[in-house]
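Contents: one structure, followed by commentary.
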Amino acid sequence: AALPRFYHENVIDHYNNPRNVGSFDKNDPTVGTGLVGAPACGDVMKLQIKVDDKTGQIVDACFKTFGCGSAIASSSVATEWVKGKPMQEVLSIKNTEIAKHLSLPPVKLHCSMLAEDAIKAAIKDYEAKRTKPSASPEASQ
Ligand code: FES
Ligand code: FES
């Protein structure tokens, strides 16, 4: 389907050829899963990261987005940007940077917000998993 002309070529490229579409096993201890929804439109985005336990580096990322073209393009960009980066660094990725990269119009800003939220949720999930497997002395205090 053709997109309206006000979309920048980056969004059309990521819309037509989304990068890193797919799923990791969410039970894999090295995988963090972020699942977020946009109340405004009902679109849903799942973004997953695979983390090197030793370095905290994100070695791989993928997504599945049930949403508009801008949400798909935003998740595609987000997975590109997080790969190969330390988790701490990607926490500072702002939806406004994604929106700027894709030249999203104001009404589509919430689509890029989904991507920012999904990155944060994926990291949170990964960290929660890491601290869960008991044996941690702090947990009993
Ligand atoms: Fe793909 Fe910039 S055009 S991340
Ligand atoms: Fe809601 Fe794009 S219209 S995520």
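Whatever order the structure lists them in is the order used to number ligands and atoms, beginning at 1. Bear in mind that the values here come from a model prediction, so they are computed numbers and not experimental data.
For ligand 2 and D43, the ligand atoms under 4.0 Å from any heavy atom of the residue are 1 (Fe), 2 (Fe), 3 (S), 4 (S). Atoms of ligand 2 lying under 4.0 Å from any heavy atom of A71, numbered from 1 in the order shown and given with element: 4 (S). Each of the atoms 2 (Fe), 3 (S), 4 (S) of ligand 2 lies under 4.0 Å from some heavy atom of C111. The distance from ligand 2 to the heavy atoms of L114 drops below 4.0 Å at these ligand atoms: 4 (S). Ligand-side atoms of ligand 2 in range of H110: 1 (Fe), 2 (Fe), 3 (S), 4 (S), range being under 4.0 angstrom from any heavy atom.
One distance of note links OG of S76 with CZ of R19; it measures 5.0 Å at 0.5 Å rounding.
Counting heavy atoms from C-beta on, the side chains of D43 and F66 never come closer than 4.5 Å.
The pair D125-K26 does not count as a salt bridge, with every side-chain nitrogen at least 4.0 angstrom from each carboxylate oxygen.
Remark: distances from the non-hydrogen atoms of K108 to ligand 2 include one below 4.0 Å.
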(request) Begin from the C-alpha positions of S23 and K46 and carry the test side-chain hydrogen bond (donor to acceptor under 3.5 Å, both in side chains) through to its verdict. (result) CA-CA 9 Å; S23 278; K46 182 179 82 173; 2.8 Å; yes
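By the criterion of side-chain heavy atoms lying less than 4.5 angstrom apart, applied directly or through intervening Ile, Leu, Val, Met, Phe, Trp or Tyr residues, I123 is not grouped with M113; the two fall into different hydrophobic clusters. Hydrophobic clustering (ILVMFWY, side-chain heavy atoms < 4.5 Å, transitive): M45 and I93 are in distinct clusters.
Between atom 1 (Fe) of ligand 2 and C68 there is no N/O/S contact shorter than 2.8 Å.
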